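These notes are about the structure you will find just below.
When reading the values below, keep in mind they use all heavy atoms of this one structure, side chains included, and skip hydrogens, waters and symmetry mates. Model, not experiment: these values are computed from the prediction. One-based numbering, in listed order, for ligands and for the atoms of each.
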Amino acid sequence: MSCIFHLNNLVFGYTSTPVLRNISTEITAGEFVALVGPNGAGKSTLLKVLAGLVRGYSGSVEFSGKSLSRWNSRELARRIAFVPQETHMVFPFTAGEIVMMGRLPHRAGAVFDNPRDAEWAGEAMALTDTAALASKVFNHLSGGERQRVVLASALAQDPQVLLLDEPTVYLDLKHQMQFYDIVERLNAERGMTIISVTHDVNLAARYARRMMAMRAGSFIADGPPGEVLTPQHLYDIFEITAAVFQRPDGRGSYIIPTA
Ligand code: ADP
């Protein structure tokens, strides 16, 4: 498997105070990575750097062997999709229209949808179980439905990489798992690289194969969730005392904070 992101001594701050401090790491194509850590650790900022949404950093960030700053934004948008925590639309677009917008980076100046775009959008909606929502106004959907539509729009882009910024933070437990079940299938069946920021370490441990824990702009642990989720790491990362257990279904570990 090839290296899809290569970060070397990445330093970035919105002001003179660095938010990302000397980050060096590699992410391989096809990985499922969870980025965890307390509020303000720099997780969302790192995701934005990877998405090409933040410039002005020092050090280097390469995507597919080429410096991110040398990618043109349309080419990047075809390869990297970004799903935020929540999406609001100012205009009353339907869910189907939002999914079709995911095809925009693939249109070479054409204004009208072509049948291939509709095919991709249809497939993305089938995968995310959103076809029945196509004619509904996006803003009228429930939080879980909206996130599935936004995921469908991201998939219609046909990306190599899916960046997720706490995509299930406002969803109930069933819809959290439903969302990550879809993402897990995309990773397993299509080899899509997944990098997801989440506060929920138990959800992260259930789905991700690699957990990267950040604190104050640096990684303080990086490895399979079973290795990262130790009482000592949990204290170092979140300043909590926690007990770590094995899941009864054999899918890694889960934690219970005790203090
Ligand atoms: P996390 O995702 O881990 O909660 P963020 O990357 O959102 O952390 O934020 C890291 C730090 O950067 C925080 O101190 C936050 O206040 C600051 N920050 C985030 N976005 C901006 C911004 N647009 N302008 C200035 N500071 C910001």
Nearest neighbour in protein (non-hydrogen) for [atom]:
atom: atom 3 (O) of ligand 1; result: Lys43 NZ, 2.8 Å
atom: atom 27 (C) of ligand 1; result: Tyr14 CD1, 3.2 Å
atom: atom 7 (O) of ligand 1; result: Ser44 CB, 3.7 Å
atom: atom 8 (O) of ligand 1; result: Gly42 N, 3.2 Å
atom: atom 4 (O) of ligand 1; result: Gly40 N, 2.8 Å
atom: atom 9 (O) of ligand 1; result: Thr45 OG1, 3.9 Å

> Quick one: which ligand 1 atoms are inside 4.0 Å of a heavy atom on Ala41?
Replying inline: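 Checking each atom against Ala41, I get 1 (P), 3 (O), 8 (O).
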> Which ligand 1 atoms are under 4.0 Å away from a heavy-atom of Pro38?
Replying inline: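 The atoms of ligand 1 under 4.0 Å from a heavy atom of Pro38 are 3 (O).
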> Does the side chain of Asp236 pick up a donor-acceptor pair with the side chain of His233 at under 3.5 Å?
Replying inline: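 There is no such pair between these side chains.
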So does [X] pair up with [Y], basic N to acidic O under 4.0 Å?
X: Asp222; Y: Arg210; value: yes
X: Asp249; Y: Arg251; value: no
X: Arg148; Y: Glu145; value: no

>> I want to confirm something. Looking only at heavy atoms, which of Asn39, Val19, Leu47 is nearest to atom 11 (C) of ligand 1?
In response: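 Residue with the shortest heavy-atom distance to the ligand atom: Val19.
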> Is there a protein heavy atom at a distance of less than 4.0 Å from atom 19 (C) of ligand 1?
Replying inline: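 Given the 4.0 Å limit, the answer for atom 19 (C) of ligand 1 is yes, a protein heavy atom qualifies.
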> Does the protein put a heavy atom less than 4.0 Å from atom 16 (O) of ligand 1?
Replying inline: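 Within 4.0 Å of atom 16 (O) of ligand 1, no protein heavy atoms are found.
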> Angle class for the Tyr207/Phe32 ring planes (parallel below 30°, perpendicular above 60°, tilted otherwise)?
Replying inline: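 Rings of Tyr207 and Phe32: parallel, as their planes differ by under 30°.
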>> Tell me the closest heavy-atom pair linking Pro248 and Tyr254, and the distance in Å.
In response: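 Residues Pro248 and Tyr254, closest heavy atoms: CD-CE2, 4.4 Å.
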>> Using the rule side chain to side chain contact (heavy atoms under 4.5 Å, CB included), only one of Val11, Leu10, Val49 pairs with Ile23; which is it?
In response: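 By the side chain to side chain contact (heavy atoms under 4.5 Å, CB included) criterion, Ile23 pairs with just one of Val11, Leu10, Val49: Leu10.
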> Can Val169 be reached from Val150 by stepping across I, L, V, M, F, W or Y side chains whose heavy atoms are under 4.5 Å apart?
Replying inline: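 Per the 4.5 Å side-chain linkage, Val150 and Val169 are not co-clustered.
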